[in-house]
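Being a predicted model, the structure only gives us computed values, none of them experimental.
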Amino acid sequence: MKVRLFNLVAIAAITLSAQGVAQQNDSLERALADLNSGLAAPMGNAGYTISGDFRARNRWYKDDSATGITNNRDVDTRVRLNFLFNVTESSQAFVGFNGSESWGDAGTGTTPGQYDDPYSVAGSPRDFQLLRSWVAVDSLLGEGGRAKIGRDYYTPVSGRIIGSDEWDNTPASQSGIWYDYAMDSVALHFSMLNGLENGYFAPSLTTSLGDGDDMVYIAALNWTCDYVEQLGPIAVVPYWIRNEVSLADADSDTWMGVLLTGEAMGIGYEVEYSDYEHGTTDGNAWYIRGVIDLDALAELPGVEDGGLSVAFSDSDKNYATTGVTKYHNAVGFSDKLGAGGIWTTDTNTWNIGLDISPAEGWNGNISVMDVEMGTAQWSEIDLSVSHTLGGNVEGWFGYAMVDNTGSSRNEDTFWAVLDLSFGN
């Protein structure tokens, strides 16, 4: 088994292809599934192709607190259906639908639980909905780049500031325009995303939100550096993200950072630094991770291969993300950090994971981690295993044990996920 970095290298880090970041768990690197790739469509003899996936997910949560024991069981489902049309050799159109529910409460209008669909509100529908639709054209102006307009999953760079997360029943999608241009060892990327529309009148307010610019701008450059033979190729991705606040005369949010990924002396690595500014507020965050194959594990009876990963992260009290990060499950199956992920304000983490393949087709992981978020601190141990079951059903099972520092309160979470993809 080749132990790899978390699907963030080279062009994939800033690609415009329709994609969703799969963060089923960070240690097993349950990578995103680009459901759009390889689809054919209606030109003379092509017709169209349909793809999609169905997921059933069970969560069993137990909280042994001093005030009483919480013991919740929940099963939710999600189905996605995708159509991609190759209109010409250089233009494509895509339509993607998403539907999700939690068994027992679908259509009741009640506020769903945190792990069902946390981004719905009371009374809002969670029926089958059009979640993605876009058109992309190669060399629109004859310049050789690729332009896209519409709504899609979008995860620039690492996704820690803004991104789409496969863990959610309704992964985040963004609407706007995207542009990519590749030349030799450099790829340029630019996007302009819709924020809150100018003049939007919020029901809870007595006035509109003002006439300020409401867009989110993202610029990134992916440079493959290969000048030091001993270090091998290094993907260097500097980026700039600006969120223009809709409120009149309000300060905007700006992030500047760089992501480095590569492999040296048999150790794969990922390093990211980000600086955040909002008016006079200035904060920063960083992340570092290394992975190494452990060939010695293959000598153990019944073990095919394995690997070791070590990761650290830190974000200070003045750092913030966009609020639509959806970076679930970044540190621990318990998902206690929620959608903000490891760069939640005033948070530092460490994580040590051991990947083991006990037999061909089986993948397992044992991870130990610690999280400090403000005054809260907890440690966690995660156990997981995945395997392709009959009928090409992907099965994943995870168990998390959380020990809250300074408290007798312990939490246990068990996950069982079954996923069946269909089409191309």
Side-chain angles (χ1 to χ4, degrees), residues 5-23 26 31-34 36-37 94 131-132 134 136 145-168 171-182 186-195 214-224 235-244 252-261 270-277 284-287 289 313 315 319-328 330 339-344:
L5 286 175
F6 181 66
N7 199 22
L8 298 169
V9 297
I11 300 298
I14 56 172
T15 182
L16 291 183
S17 302
Q19 62 182 21
V21 173
Q23 289 160 320
D26 192 44
L32 62 85
D34 185 352
N36 301 333
S37 62
F94 175 87
L131 190 63
R132 295 182 289 164
W134 52 262
R146 179 176 174 85
K148 183 170 77 172
I149 186 170
R151 173 170 286 272
D152 197 7
Y153 297 151
Y154 180 47
T155 302
V157 197
S158 67
R160 297 185 181 101
I161 298 174
I162 183 172
S164 182
D165 187 352
E166 193 70 6
W167 187 257
D168 270 282
S173 60
Q174 306 291 333
S175 62
I177 60 174
W178 295 264
Y179 181 77
D180 265 318
Y181 185 84
V186 176
L188 304 176
H189 172 70
F190 174 79
S191 68
M192 183 174 68
L193 311 177
N194 280 337
D214 59 357
M215 309 303 291
V216 178
Y217 302 94
I218 300 174
L221 181 150
N222 193 323
W223 172 44
T224 302
V236 182
V237 186
Y239 60 87
W240 173 84
I241 301 174
R242 184 172 179 85
N243 179 22
E244 300 285 353
S252 298
D253 299 310
T254 302
W255 295 264
M256 293 186 66
V258 62
L259 171 70
L260 305 176
T261 58
E270 174 189 348
V271 180
E272 184 175 5
Y273 175 82
S274 172
D275 183 79
Y276 166 74
E277 290 186 3
N284 61 78
W286 55 265
Y287 174 82
R289 181 173 184 242
S313 72
S315 62
Y319 192 85
T321 61
T322 58
V324 290
T325 310
K326 285 203 170 184
Y327 199 82
H328 282 286
I342 57 177
W343 281 355
T344 298

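Here the two rings, on W343 and Y319, have centers that are under 6.0 Å apart. Checked against the 6.0 Å centroid criterion, the rings of F94 and W134 qualify as a close aromatic pair.
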* Just do the side-chain contact (heavy atoms from CB on, under 4.5 Å) check on I241 and Y239 with the steps written out, would you? => CA-CA 7 Å; I241 301 174; Y239 60 87; 4.2 Å; yes
* To do: For side-chain contact (heavy atoms from CB on, under 4.5 Å), just list the numbers for S274 and Y287, CA-CA rounded to whole Å, side-chain angles, deciding distance to a tenth of an Å, and then say yes or no.
  => CA-CA 9 Å; S274 172; Y287 174 82; over 6 Å; no
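None of T321, V157, L193 except one satisfies the side chain to side chain contact (heavy atoms under 4.5 Å, CB included) rule with I162; the exception is L193.
The distance from the CE atom of M192 to the CD1 atom of I218 is 11.5 Å, given to the nearest 0.5 Å. The distance from the OH atom of Y217 to the OG1 atom of T254 is 12.0 Å, given to the nearest 0.5 Å. Within the model, atoms NZ of K148 and CD1 of I177 stand 12.0 Å from one another, a figure rounded to the nearest 0.5 Å. Rounding to the nearest 0.5 Å gives a distance of 11.0 Å between CG of N284 and CD of E277. Taking CG from L221 and NE2 from H189, the interatomic distance works out to 11.5 Å, rounded to the nearest 0.5 Å.
E272 and S158 form a side-chain donor-acceptor contact under 3.5 Å, judged by distance and modelled atom types alone. Counting only N and O atoms by type, the side chains of E244 and S252 include a donor and acceptor under 3.5 Å apart. Side chains of Y154 and S191: a donor-acceptor N/O pair is present below 3.5 angstrom, by distance only. A donor atom on one side chain and an acceptor atom on the other are not found under 3.5 Å apart for S173 and D152.
Considering all non-hydrogen atoms of both residues, L259 and E270 come closest at CD1-CG, 3.8 Å.
Although no hydrogens or angles enter the test, the distance criterion places a donor-acceptor pair under 3.5 Å between the side chain of S315 and the main chain of T344. A donor-acceptor contact shorter than 3.5 Å links the side chain of T155 to the backbone of S164. Remark: the backbone N or O of A320 is paired with a side-chain donor or acceptor of W255 at under 3.5 angstrom.
In this structure, R132 satisfies the cation-pi test against Y153, with its NZ or CZ atom closer than 6.0 Å to the six-membered ring centre and inside 45 degrees of the ring normal.
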